[in-house]
Amino acid sequence: MEFFCYHRDRPGSLALRDELLEEHWSYMDRYAAEMIARGPTLTGDRELPTGSVHIVDLPDPAAARAFAFDEPGHQAGVYQDVLLRRWRNTLGRTMWEFPGGRTEGDRFLVLGLGEGRAVDLDPPAGQDELIAYGPLLSDDGTAWLGTAALLRAPDPDTARAVLTADRYAAVEVHPWQFGGRS
């Protein structure tokens, strides 16, 4: 089962986040084989982290909760909240298989929080800039709760256009970059 996990940083927690970086990476190294995508969200100028995205393939919702809530930064109070949802990898690949590589161009997390009937279940046609894409689902996988995408785009507005904006309660766009050890 695939899960989308987004830890949002607590204001004022940057020093603690930096202090725990090696512990965070060591923790994530234990999940290397299960990792579909990972990386920090960033401020608009891309200078400072604002959260951490991890998309992982784990056995069940209990394992996903353990993954999200046992993470060292969460345990120490770096994050103000955690969004954890079942997810479906509609591209069928990891971020490391993205043909655009790790660094060229700006990358974004686009997070659409669902409202009403499901939309954007499949990736839009002609979207070669998608790094990861899939619906956010309930724990049992039956209810659509939104859509999450990681993509390369020239600007936030272009990134936002990957989703049918008027079909969501809210759409968030965050600068994002490939994460993990170099």
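Small disclaimer: the values here were computed from a predicted structure and weren't measured.
- Residues Thr147 and Val162 have side chains not in contact (no heavy-atom distance under 4.5 Å, counting atoms from C-beta outward).
- Residues Leu16 and Arg10 have side chains in contact (heavy-atom distance under 4.5 Å, counting atoms from C-beta outward).
- Residues that satisfy the ring pair (Phe, Tyr, Trp, His ring centres under 6.0 Å) test with Phe108, not counting sequence neighbours, are absent from this structure.
- A heavy-atom distance below 4.5 Å is found between the side chains of Arg88 and Leu121.
- Within the structure, the side chain to side chain donor-acceptor pair (under 3.5 Å) test picks out the following pairs touching residues 60-70 (sequence neighbours left out): Arg65-Asp139.
- Side-chain contact between Pro61 and Phe3 is present, with at least one heavy-atom pair separated by less than 4.5 Å.
- Remark: Glu19 CD to Leu21 CG distance equals 11.0 Å, nearest 0.5 Å.
- When hydrophobic clusters are built by joining Ile, Leu, Val, Met, Phe, Trp and Tyr residues whose side-chain heavy atoms come closer than 4.5 Å, directly or via intermediates, Tyr27 is not grouped with Val78.
- By the 4.5 Å heavy-atom criterion applied to side chains, Thr142 and Leu137 are not counted as neighbours.
- Scanning for salt bridge (Lys or Arg N to Asp or Glu O under 4.0 Å) contacts around Arg152 gives Glu129, with sequence neighbours left out.
- Grouped with Leu14 in one hydrophobic cluster are Leu48, the linkage being side-chain heavy-atom contacts under 4.5 Å among Ile, Leu, Val, Met, Phe, Trp and Tyr residues.
- Looking at residues two or more places apart in sequence or on another chain, you find a ring pair (Phe, Tyr, Trp, His ring centres under 6.0 Å) between Phe69 and His74.
- The shortest side-chain heavy-atom distance between Arg107 and Ile131 falls under the 4.5 Å cut-off.
- A donor-acceptor pair under 3.5 Å is absent between the side-chain atoms of Asp157 and the main chain of Ala161, judged by distance alone.
- Annotation for Arg86 and Gly141: closest pair NH1-N, 3.5 Å, computed over non-hydrogen atoms.
- Atom CD of Glu22 sits in a crowded spot, with more than 12 heavy atoms from other residues, nucleotides or ligands closer than 6.0 Å.
- In plain terms, the two heavy atoms of Pro124 and Leu130 that are nearest each other are CD-CD1, 4.1 Å.
- One hydrophobic cluster, built from ILVMFWY side chains closer than 4.5 Å, cannot hold both Leu150 and Leu163; they sit in different ones.
- What you find for Leu136 and Ala148 is that their closest heavy atoms are CD2-CB, 4.0 Å.
- Atom NE2 of His7 and atom CD of Gln80 lie 12.5 Å apart (nearest 0.5 Å).
- Residues satisfying the salt bridge (Lys or Arg N to Asp or Glu O under 4.0 Å) criterion with Asp18, sequence neighbours excluded, are absent altogether.
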Contacts under 3.5 angstrom, residues 51-58 side chains, donor-acceptor by atom type, not counting sequence neighbours:
from  : atom 1 : to    : atom 2 : distance (Å)
Ser52 : OG     : Arg17 : NH2    : 3.1
Asp57 : OD1    : Met1  : N      : 3.1

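- Listed by chain and number, the residues in a side-chain hydrogen bond (donor to acceptor under 3.5 Å, both in side chains) with Thr90 amount to none (sequence neighbours excluded).
- Legend: residues meeting side-chain hydrogen bond (donor to acceptor under 3.5 Å, both in side chains) with Asp155, ordered by chain and number and at least two apart, are Thr158.
- Side chain of Glu23 to main chain of Pro72: no donor-acceptor pair is present (N/O by atom type, distance under 3.5 Å, no hydrogens or angles).
- Nearest approach of Leu20 to Gly73, heavy atoms of both residues: CD1-CA, 4.1 Å.
- Every pair passing ring pair (Phe, Tyr, Trp, His ring centres under 6.0 Å) that includes a residue from residues 122-147 is listed here, sequence neighbours excluded: Trp144-Tyr168.
- Note on Val119: it clusters hydrophobically with Val110, by side-chain heavy-atom contacts below 4.5 Å among ILVMFWY residues.
- The two atoms that bring Pro40 and Gly179 nearest to each other are CD-CA, 4.1 Å, heavy atoms only.
- Following chains of ILVMFWY side-chain contacts shorter than 4.5 Å, one cannot reach Leu83 starting from Val173, and the two form parts of different hydrophobic clusters.
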Identify every side-chain donor-acceptor pair in residues 28-37 under 3.5 Å, counting partners at least two apart or on other chains, and give the distances.
from  : atom 1 : to     : atom 2 : distance (Å)
Asp29 : OD1    : Arg181 : NE     : 3.4
Asp29 : OD2    : Arg181 : NE     : 2.9
Asp29 : OD2    : Arg181 : NH2    : 2.9

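- Atom CD of Gln177 sits about 4.5 Å away from atom CG of Leu42, to the nearest 0.5 Å.
- Proximity of a side-chain donor or acceptor of Glu97 to a complementary backbone N or O of Thr94 within less than 3.5 Å is detected.
- Residues passing the salt bridge (Lys or Arg N to Asp or Glu O under 4.0 Å) test with Arg46 are Asp106, sequence neighbours excluded.
- Not one N or O on the side chain of Arg85 forms a donor-acceptor pair closer than 3.5 Å with the backbone of Pro135.
- Between Val82 and Cys5, the closest heavy-atom pair is CG1-SG, 4.0 Å.
- By the criterion of side-chain heavy atoms lying less than 4.5 angstrom apart, applied directly or through intervening Ile, Leu, Val, Met, Phe, Trp or Tyr residues, Val171 is not grouped with Tyr6; the two fall into different hydrophobic clusters.
- When atom types are taken as modelled, the side chain of Trp176 and the backbone of Leu109 share no donor-acceptor pair closer than 3.5 angstrom.
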